[in-house]
Amino acid sequence: DEGNIDRAMQLLAGHAPESKESNDYRGFEWHLLHQLCRGDELDTLRPRHRVNAIAVSPKGDLLAVSSTGPPQAGEGELTLYSLATDEGRVLKQTPNPPPCLTFVQDGGLLLAGNADGSLSFWSGADFENETRYGPRYGTAVQAVAYSSSGDLVAAGYGDGKLTLWR
């Protein structure tokens with residue numbers, strides 16, 4: 001049954017409520033699989049390298065992509081795409097692009113966790129300004145998050161540490 005979209009749709013249909021009055025226990029996963037099977041793909045972007053991390057801005061107008069080329073080439077980059085035009089602009093070329101990204105609050109700030117253990121905040125009208133903090137522990141940042149209230153930053157490191165800042 002591998003790759004059988006019709007069978008997948010049959011299985012998904014078996015979990016749909018029988019009527020509008022029935023309880024609907026389907027979660028995010030059901031709806032995501034259903035959408036993927038229907039093929040409602042909006043767009044396909046083609047970064048130059050293998051994608052490591054992505055982040056969509058809160059307004060849905062920007063996509064930040066961290067990508068890495070072949071290991072022997074030492075290529076990588078952080079690219080910002082406008083989803084209105086599908087045009088990408090390289091913010092930084094680096095052999096060690098960030099393994100994790102997130103947009104902050106209204107999307108005017110991009111937070112990147114870096115392979116050297118530092119954090120980068122990209123700001124400005126075109127995200128042209130990079131402010132770096134760290135490295136903190138000398139091990140790669142594996143996950144970053146920023147609270148919607150804007151007062152808490154969290155970073156998870158490759159050695160198991162989790163750091164919070166206010």
Side-chain angles (χ1 to χ4, degrees), residues 26-36 38-166:
R26 298 173 296 174
F28 164 80
E29 296 85 355
W30 186 95
H31 293 283
L32 177 62
L33 288 171
H34 188 258
Q35 182 178 357
L36 291 173
R38 285 190 10 221
D40 293 345
E41 184 178 298
L42 296 175
D43 202 352
T44 301
L45 301 174
R46 303 269 184 229
R48 292 183 334 119
H49 306 297
R50 179 180 56 88
V51 174
N52 297 329
I54 57 173
V56 178
S57 67
K59 295 176 187 173
D61 59 337
L62 299 172
L63 178 71
V65 178
S66 173
S67 59
T68 305
Q72 66 275 14
E75 297 175 347
E77 57 193 29
L78 175 58
T79 307
L80 189 66
Y81 288 90
S82 164
L83 295 179
T85 64
D86 290 347
E87 291 182 19
R89 185 174 55 82
V90 175
L91 297 179
K92 184 173 189 175
Q93 290 185 322
T94 173
N96 297 306
C100 49
L101 303 166
T102 188
F103 278 94
V104 176
Q105 294 174 318
D106 65 355
L109 190 65
L110 175 65
L111 171 59
N114 296 310
D116 68 357
S118 66
L119 296 175
S120 293
F121 289 87
W122 294 84
S123 62
D126 291 324
F127 294 88
E128 69 276 6
N129 302 319
E130 179 187 15
T131 304
R132 289 177 69 97
Y133 297 96
R136 182 83 175 190
Y137 299 115
T139 180
V141 179
Q142 298 294 319
V144 291
Y146 201 90
S147 68
S148 60
S149 63
D151 65 349
L152 183 67
V153 174
Y157 294 83
D159 62 1
K161 289 183 178 74
L162 179 63
T163 305
L164 305 172
W165 292 273
R166 286 205 185 272

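Just so you know, these numbers use all the heavy atoms, side chains as well, and skip hydrogens, waters and symmetry mates.
- A heavy-atom distance below 4.5 Å is not found between the side chains of Asn96 and Asp116.
- The structure places CG of Leu91 at 10.5 Å from OG of Ser66, a figure rounded to the nearest 0.5 Å.
- With sequence neighbours excluded, no residue forms a side chain to side chain donor-acceptor pair (under 3.5 Å) with Thr94.
- Leu101 is listed as a side-chain neighbour of Leu78, based on a closest heavy-atom distance under 4.5 Å.
- Taking both residues in full, the closest heavy atoms of Ser118 and Gly134 are given as CB-C, 3.9 Å, listed atom of the first, atom of the second, then distance.
- Taking all atoms of both residues into account, the shortest heavy-atom contact from Cys100 to Ala143 is SG-N, 3.5 Å.
- At a threshold of 4.5 Å between non-hydrogen side-chain atoms, the residues Phe127 and Leu62 count as touching.
- Using a 4.5 Å heavy-atom cutoff, the side chains of Val56 and Leu63 are in contact.
- Residues Leu119 and Trp165 meet the side-chain proximity criterion, which asks for heavy atoms closer than 4.5 Å.
- Between the Thr102 side chain and the Ala145 main chain, no donor and acceptor come within less than 3.5 Å of each other.
- Aromatic ring centres of Phe103 and Tyr146: separated by at least 6.0 Å.
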List the atom pairs, with distances to 0.1 Å, where a side-chain N or O of residues 152-162 and a protein N or O form a donor-acceptor pair under 3.5 Å, not counting sequence neighbours.
residue	atom	partner	partner atom	Å
Asp159	OD1	Lys161	N	3.1
Asp159	OD2	Lys161	NZ	3.1

- Query: Would Trp122 and Leu109 satisfy side-chain contact (heavy atoms from CB on, under 4.5 Å), going step by step from the backbone distance to the final call?
  - Reply: CA-CA 6 Å; Trp122 294 84; Leu109 190 65; 6.0 Å; no
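- Going from atom OG of Ser67 over to atom CG of Asn52 covers 7.0 Å, rounded to the nearest 0.5 Å.
- Put simply, the side chain of Asn114 does not reach to within 4.5 Å of the side chain of Val141, judged on heavy atoms.
- Partners of Ser148 according to the side-chain contact (heavy atoms from CB on, under 4.5 Å) rule, which considers only residues two or more places apart in sequence or in another chain, do not exist here.
- Under 4.0 Å is where a charged nitrogen must lie from a carboxylate oxygen, and between Glu77 and Lys92 no such pair does.
- With sequence neighbours excluded, the residues forming a salt bridge (Lys or Arg N to Asp or Glu O under 4.0 Å) with Arg26 are Asp24, listed by chain and number.
- The salt bridge (Lys or Arg N to Asp or Glu O under 4.0 Å) search around Lys59 returns none, not counting sequence neighbours.
- For Glu29 (side chain) and Gly27 (main-chain N/O), no donor-acceptor pair under 3.5 Å exists by modelled atom type.
- Between Pro58 and Gly107, the closest heavy-atom pair is CD-CA, 3.5 Å.
- Remark: the Glu87 side chain and the Ser82 side chain contain no N/O donor-acceptor pair separated by less than 3.5 Å.
- For the pair Val90 and Gln93, the tightest heavy-atom approach, listed with the atom from each and the gap, is CG1-CG, 3.7 Å.
- To the nearest 0.5 angstrom, Ile54 atom CD1 is 13.0 Å from Thr79 atom OG1.
- When all heavy atoms are compared, the tightest approach of Pro99 to Ala53 is O-CB, 3.4 Å.
- Taking the side-chain contact (heavy atoms from CB on, under 4.5 Å) definition, one finds that Asp106 meets it with nothing, sequence neighbours left out.
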